[in-house]
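One structure is given here, and the rest of the page talks about it.
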Amino acid sequence: MRWTDTLIPTLRDDPLEAEIASHKLMLRAGLIRKLAGGLYTFLPLGLRALRKVERIAREEMDRAGALEILMPALQPREIWEQSKRYAVMGETMYRLQDRQKRDLVLGPTHEEVVTDLVSREISSYRQLPKIFYQIQAKFRDEIRPRFGLMRAREFIMKDAYSFDVSMEAADASYQRMYNAYRRIFDRCGLTTRIVEADTGAMGGKLSHEFMALADSGEDGLVECDSCSCAANLERAERGFLPTPLFPDAGESPLVVPTPGARTIEQVAAFFGCEPRRLIKTILYLVKGEPVAVLAPGDREINEHKLARALETADVTMADPRAIETVTGAAVGFAGPVGLQAPIYADTALKGYAGAISGANRTDAHMTRVCLERDVRVAGYLDLCAARDGDPCPRCNGKLREKRGIEVGHVFKLGAKYSDAFGASYVPDDGRRRAMVMGCYGIGVTRTLQAVIEQNHDDKGINWPMSVAPYHAVVLVLNPAHAASLQTAQDLAQNLDASGVETVLDDRNDRPGVKFADADLIGFPLRVVVSERSLAKNSVELKQRTQPSPELVPIADAARSVGDIVHARS
RNA sequence: CGGGGCGUAGCGCAGCCUGGUAGCGCGUUUGCUUGGGGUGCAAAAGGUCAAGGGUUCAAAUCCCUUCGCCCCGACCA
């Protein structure tokens, strides 16, 4: 492909709207353009890269025995009522009406459609197991679209759904998808971690997320530095933390005036102690009722863990008025002693004595607090987020905190949807049973951006061969020089013919412009044709990852390039 | 939705405080030049100053409203 025949609108400056490297680069390299918040057009270069990721996903799904189908993005309201998710999905789902005033939604995911299908078409154990997948646009009215393709309102997802006769069989399907996902991300050139995750709105018991490691990632995770244990911060457990010993542990509580000291920092400074000696008292409304949650002063309560521990989704931080009503004091002076609400404490507080908390009086705190003695704790639960350096819950190792981009998620769903849609089968004993399901998603567009996030330098993108929009660029240094242009054209033609996807940069621009664009776009291979090299009957060949080029005889150039493409694919 | 920031040429920005001629760099077009890391010279095109309303003789500038975009929180692939 000639550069002058396609559209590659590179930008010299970083667009103001982009924050993270991959987003800036996708815009600057001319891969995508924004239509509106969270809505993007794929330009020729971007689409080519996207198709590469799709192809890898498709090949691995096929290899794993999944069947490709294509379901409608536009779906009737009824199936969402049937699964009881019409309400659950809430504002996330785009809703619309047709001219007959029928309610429709734009599918944010396809459990309903696929289970409805399977309930009609499959009825015998002889037809199972089955895994269906599709690669298609999903629509979600995100609270906040962000970072380009990272969190978009319309995005491409590879979603798959497994149907099995038993939990054991479903586990096998899950494992097959799990392994396929590892291969997919591996082939895309991504460094990922697989972590235990929260199942969220999808339901079901167990799930794993595939996290592409990146400092700009939206998700936190921890992994053990010695065993294979890894989890999303939303649910990561910690090992046992020894109880610190504080002075005055045996003494009776004492109320001390602490005017104006509301925050942990202020109180710690006032008493000249370390923050962890403080007992942080946070009030939540659980199903509308106030509940106090205690944590060491240097730790954060994780609402996901809290919600799971209390077995409800209805957990919100109490507003200032509620706090004042329950504690009888201004915000910042809540404490557990004498508090009229159920009190749950993080396990790290077990054995706390000689600690400091709010006194439930404005401008006062309480010292020498002993939880065992002074407070009726309803339960010690794992409520605080794990963090870097915490002990691993499974071994003697330490947890390391990292950030990641959630590129894939696999769920064991059980019979939630098969029950709702009557997706059942007749086993050999003749008594109808619900199918056991799993669902599996890859954010294809997000994966593409994650590849860039992990593979770039200060000059631009550094594509892995497998997802590069083109394998090579042939750069004519001086298009006015007829022999250069001819050699470059012939070479580009030979490369294309041998399966090396090539762009011929035939622009009438200065060399510097072309070098800079080649680096920005990140072609894995660059061939430079110039008068200088032509004098030696050679061209220059350079990989994006290498610092300097090597001279290759013109006659060998196509083969050399082909060998590298082959070796790195 | 809560908190913060921003909307002026394709991109990056100045002008706004203190009202009066819409400007700069890059890009684009034309001609010449140059030809190994964003070349130089010359000329040209390109703007409902986000939108609507108000104040004023006069609004990019002051006031009000709306919309859009970005960042921080809850949601997710």
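Quantities reported herein were computed from a predicted structural model and do not represent experimental measurements. Note on naming: letters A, B, ... go to the chains in the order of the sequence lines (proteins, then strands), and numbering restarts at 1 for each one.
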Exercise. A:Lys138 NZ to B:A77 P: how many Å, rounded?
Worked result: 11 Å

Problem set entry | Presence of A:Arg144 side-chain N/O under 4.0 Å of B:C71 phosphate oxygens OP1/OP2 | yes

Seminar exercise, completed: From the candidates B:C76, B:C69, B:G38, the one with an atom nearest any side-chain atom of A:Glu17 is B:C69

Exercise. Touch check for A:Arg526, heavy atoms < 4.0 angstrom, all strands: base, sugar-phosphate only, or nothing?
Worked result: base

Problem set entry | Options B:G38, B:G12, B:C75, nucleotide nearest the side-chain atoms of A:Asp517 | B:G38

For this session: Tell me the partner of B:C6, counting only Watson-Crick (N1-N3 plus N6-O4 or O6-N4) or G-U wobble (N1-O2 and O6-N3) with both under 3.5 Å; none if nothing fits.
Result: B:G68

Seminar exercise, completed: Which of B:C75, B:A77, B:G36 is nearest the side chain of A:His304? It is B:C75

Exercise. Should B:C32 form a Watson-Crick or G-U wobble pair with both distances under 3.5 Å, which nucleotide is its partner?
Worked result: B:G40

Problem set entry | C1'-based separation of B:A58 from B:C67 [nearest Å] | 27 Å

Exercise. Within the structure shown, what part of the strands sits under 4.0 Å from A:Asp141 by heavy-atom distance: base, sugar-phosphate, or nothing?
Worked result: nothing

For this session: Decide yes or no, distance alone: a donor-acceptor N/O pair under 3.5 angstrom between the base of B:C76 and the side-chain of A:Asp219.
Result: yes

Problem set entry | N/O donor-acceptor pair, side chain A:Asp519 with base B:G37, under 3.5 angstrom | yes

Seminar exercise, completed: Whole-Å distance, A:Leu477 CG to B:U34 C1', equals 12 Å

Exercise. Does A:Lys138 make a cation-pi contact with A:Phe155 (under 6.0 Å, within 45 degrees of the axis)?
Worked result: no

For this session: Select one nucleotide: of B:G37, B:G25, B:G35, the one nearest the side-chain heavy atoms of A:Ala516.
Result: B:G37

Exercise. Side-chain donor-acceptor pair under 3.5 Å between A:Tyr440 and A:His409, yes or no?
Worked result: no

Problem set entry | Contacting residues from residues 34-45 of chain A, given that a heavy atom lies under 4.0 angstrom of RNA chain B | A:Lys34, A:Ala36, A:Gly37

Exercise. Is there a donor and acceptor pair closer than 3.5 Å between the side chain of A:Arg12 and the base of B:C26?
Worked result: no

Exercise. Which nucleotide in the set B:G36, B:G38, B:C76 lies at the smallest distance from any side-chain heavy atom of A:Ser530?
Worked result: B:G36

Seminar exercise, completed: On a heavy-atom basis, the closest approach of A:Arg299 and A:Cys384 is CB-SG, 3.9 Å

For this session: Taking atom CG of A:Asp215 as the centre, report whether more than 12 heavy atoms of other residues, nucleotides or ligands fall under 6.0 Å from it.
Result: no

Exercise. Quick one: does A:Arg28 reach the base of B:G12 with a side-chain donor-acceptor pair under 3.5 Å?
Worked result: no

Exercise. In the strands shown, is B:C62 matched to any nucleotide by a Watson-Crick or G-U wobble pair with both distances under 3.5 Å, and which?
Worked result: B:G54

For this session: Identify whether any heavy atom of A:Tyr440 sits under 4.0 Å from a base atom; if not, whether one sits that close to sugar-phosphate; answer base, sugar-phosphate or nothing.
Result: nothing

For this session: Determine the Euclidean distance between corresponding C1' atoms of B:A59 and B:C76; express it in Å to zero decimal places.
Result: 45 Å

Exercise. Considering only the P atoms, how many Å lie between B:G19 and B:C13, rounded to the nearest integer?
Worked result: 27 Å

Exercise. With a 4.0 Å cut-off on heavy atoms, is A:Gly443 in touch with a base, just the backbone sugar-phosphate, or nothing at all?
Worked result: base

Problem set entry | Pairwise P distance for B:G5 and B:G38, with rounding to whole Å | 39 Å

Problem set entry | Nearest-Å distance for atom pair CG/P, residues A:Asn508 and B:G35 | 13 Å

For this session: Could you measure between the two C1' atoms, the one in B:G3 and the one in B:C63, and give it in whole Å?
Result: 24 Å

Exercise. Which sits closer to the 5' end of RNA chain B, A:Lys459 or A:Phe147, going by the nucleotide each is nearest to?
Worked result: A:Lys459

Exercise. Between A:Arg146 and B:C72, is there a side-chain N or O to OP1/OP2 distance below 4.0 Å?
Worked result: yes

Seminar exercise, completed: Distance col, row A:Lys459:NZ vs A:Leu520:CG, nearest 0.5 angstrom, shows 12.0 Å

For this session: Using a 4.0 Å heavy-atom cut-off across all strands, classify A:Val407 as base, sugar-phosphate, or nothing.
Result: sugar-phosphate

Problem set entry | N or O in side chain of A:His23 less than 4.0 angstrom from B:C70 OP1/OP2 | no

Seminar exercise, completed: A:Asn478 CG to B:U34 P, in whole Å, measures 11 Å

Exercise. Just how far, in rounded Å, is P of B:C69 from CG of A:Leu16?
Worked result: 14 Å

Exercise. Given the C1' atoms of B:A14 and B:A22, what is the spacing between them in whole Å?
Worked result: 11 Å

Problem set entry | Atom-to-atom span, CG of A:Leu448 to P of B:A77 - whole angstrom | 19 Å

Exercise. Is the backbone N or O of A:Gly438 less than 3.5 Å from a side-chain atom of A:Ser162, with the two atoms forming a donor-acceptor pair by type?
Worked result: yes

For this session: In whole angstrom, give the distance that lies between atom CD of A:Glu91 and atom P of B:C75.
Result: 15 Å

Problem set entry | Contact nearer the 5' end of RNA chain B, comparing A:Ala18 with A:Pro511 | A:Pro511

Exercise. Hey, does A:Pro108 reach any base, or is it just sugar-phosphate, or nothing, if we go heavy atoms under 4.0 Å?
Worked result: nothing

Problem set entry | Pair partner, B:C24 [Watson-Crick or wobble, under 3.5 Å] | B:G12

Exercise. For A:Ile143, which contact category applies under a 4.0 Å heavy-atom criterion: base, sugar-phosphate, or nothing?
Worked result: base

Problem set entry | A:Arg95 to A:Tyr86 six-membered ring, cation-pi geometry met (6.0 Å, 45°) | yes

Exercise. Which residue pairs pass the salt bridge (charged side-chain N to carboxylate O under 4.0 Å, His left out) test when at least one of the two sits in residues 530-540 of chain A, sequence neighbours left out?
Worked result: none

Exercise. Has A:Phe515 got its ring stacked on the base of B:G36, with centres under 5.5 Å and planes less than 30° apart?
Worked result: no

Seminar exercise, completed: Between A:Gly148 and A:Ala152, the two heavy atoms sitting closest are O-CB, 4.1 Å

Exercise. Just checking, is any N or O donor in the side chain of A:Gln486 or A:Asp490 under 3.5 Å from an acceptor N or O on the other one?
Worked result: yes

Problem set entry | Separation of the C1' atoms in B:G12 and B:A51, to the nearest angstrom | 24 Å

For this session: Round to a whole Å and report the spacing from CG of A:Leu534 to C1' of B:G35.
Result: 15 Å

For this session: Look up atom OH in A:Tyr133 and atom CE in A:Met157, then write down how far apart they are to the nearest 0.5 Å.
Result: 15.5 Å

Exercise. Has the side chain of A:Glu540 got a donor or acceptor that lies under 3.5 Å from a partner of the other kind on the base of B:G36?
Worked result: yes

Problem set entry | Rounded C1' spacing from B:G23 to B:G15 in Å | 7 Å

